[in-house]
Visitor: 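Sharing a structure, written as structure tokens. Questions coming.
Ligands are counted one by one from 1 in listed order, and the atoms in each one are counted from 1 as well. These numbers come from the heavy atoms of this one structure, side chains and all, not from hydrogens, waters or symmetry mates. Everything quoted here is computed from the prediction, not taken from an experiment.
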Amino acid sequence: MRKTVSAFTEAKKSGRKLTMLTAYDYSFARLVDSAGVDGILVGDSLGNVILGYEDTISVTMDDIIHHTQAVVRGSENALVVADMPFMSYQVSVPQAVENAGRLLKEGRAQAVKLEGGQVVAAQIKAIVEASIPVMGHIGLTPQSVNAMGGFKVQGKNEEAVKKLLADGKAVEEAGAFCVVVECVPANVMKTLTESLSIPTIGIGAGPHCDGQILVYHDMLGLFDRYTPKFVKKYAEAGDLIKKAFASYVSEVQDRTFPAEEHCFLGQGETLAKMY
Ligand code: KIV
């Protein structure tokens, strides 16, 4: 049975830590789902790790829908959350509701995520009123990279902490079922988590969150352009894959692959008749 948003609400009440990972395709959705995560995020980070852009700005609704469909097909237990890409909700409240609806109707996600606090509270409220569960995203919001002047830790001075707490409250009051908080100091995160009744899911926000999320390319060592400080590498799968590819290349070249066990054998008589 697939998890619903109530699993997130109950986890906050009982103190069980929530786990989320990203996935963008069928095969990895199967792997992530089988690990027992509560939620899978089809993040707009696909712009970086799948499509090779330098940021998430160019990701489109069609990109997210295409990848969400594959992730839904590959998972059966986790709640699938689809990210709303840049400019799919900022323009107006009706635009936000319409695009959130597409992510459920066409992508078959169970919830959507959008970036921003007080400034998108009206959008969150309207999407929730359309019966679409919303996950907020505050702190470092990568879609605002140009306005923020780079990918920087947020909540580092008194004014920024006040803004972060107000953003968290705004997202909660607008009806979001949980909120991702990216790149904020761990002590600030403690205050934020304690001040909210909805679960906080941290990335680069330390241990005082109700749950954690990571981009799987980072935690498996599959993305070598950069690794954020907050990432723990649980495997060096990139190195392993590179070695496997190199072995294939050298075995084809030295004629040890394909070996007899990789070949189909035809009937000798059939061949004799043909030639
Ligand atoms: O797009 C994404 O993967 C995200 C996570 C970093 C939370 O938003």
Visitor: Apart from Val252 itself, what residues make up its hydrophobic cluster, given side-chain heavy atom links below 4.5 Å?
Guide: Tyr248, Val249, Phe257
Visitor: Mind checking whether Leu104 and Val128 sit in one hydrophobic cluster, side chains of I, L, V, M, F, W, Y counted as touching below 4.5 Å?
Guide: yes
Visitor: Sorted by first residue and then second, give each ring-ring contact (aromatic ring centres under 6.0 Å, His included) pair with at least one member in residues 34-90; sequence neighbours left out.
Guide: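 ring-ring contact (aromatic ring centres under 6.0 Å, His included) check on residues 34-90 returns no pairs.
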Visitor: Are there any N/O pairs under 3.5 Å between ligand 1 and the protein, and if so, what are their distances?
Guide:
| unit_1 | atom_1 | unit_2 | atom_2 | d |
| --- | --- | --- | --- | --- |
| ligand 1 | 1 (O) | Asp44 | N | 3.1 |
| ligand 1 | 1 (O) | Asp44 | OD1 | 3.0 |
| ligand 1 | 1 (O) | Ser45 | N | 3.0 |
| ligand 1 | 1 (O) | Ser45 | OG | 3.3 |
| ligand 1 | 1 (O) | Asp83 | OD2 | 3.2 |
| ligand 1 | 3 (O) | Ser45 | OG | 2.6 |
| ligand 1 | 8 (O) | Lys113 | NZ | 3.0 |

Visitor: Mind listing the side-chain donor-acceptor pairs of residues 199-214 below 3.5 Å, one per line with the distance, residues two or more places apart or on another chain?
Guide:
| unit_1 | atom_1 | unit_2 | atom_2 | d |
| --- | --- | --- | --- | --- |
| Thr200 | OG1 | Thr193 | OG1 | 2.8 |
| Thr200 | OG1 | Asp210 | N | 3.1 |
| Thr200 | OG1 | Asp210 | OD2 | 3.3 |
| Asp210 | OD2 | Lys12 | NZ | 2.8 |
| Asp210 | OD2 | Thr200 | N | 2.9 |
| Gln212 | NE2 | Gly206 | O | 2.9 |

Visitor: Any donor and acceptor pair, going by atom type alone, linking the side chain of Glu173 with main-chain N or O of Val171 inside 3.5 Å?
Guide: no
Visitor: Do any N or O atoms from the side chain of Gln123 and from the backbone of Ala96 form a donor-acceptor pair under 3.5 angstrom?
Guide: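 Between the backbone of Ala96 and the side chain of Gln123 there is no qualifying donor-acceptor contact (under 3.5 Å).
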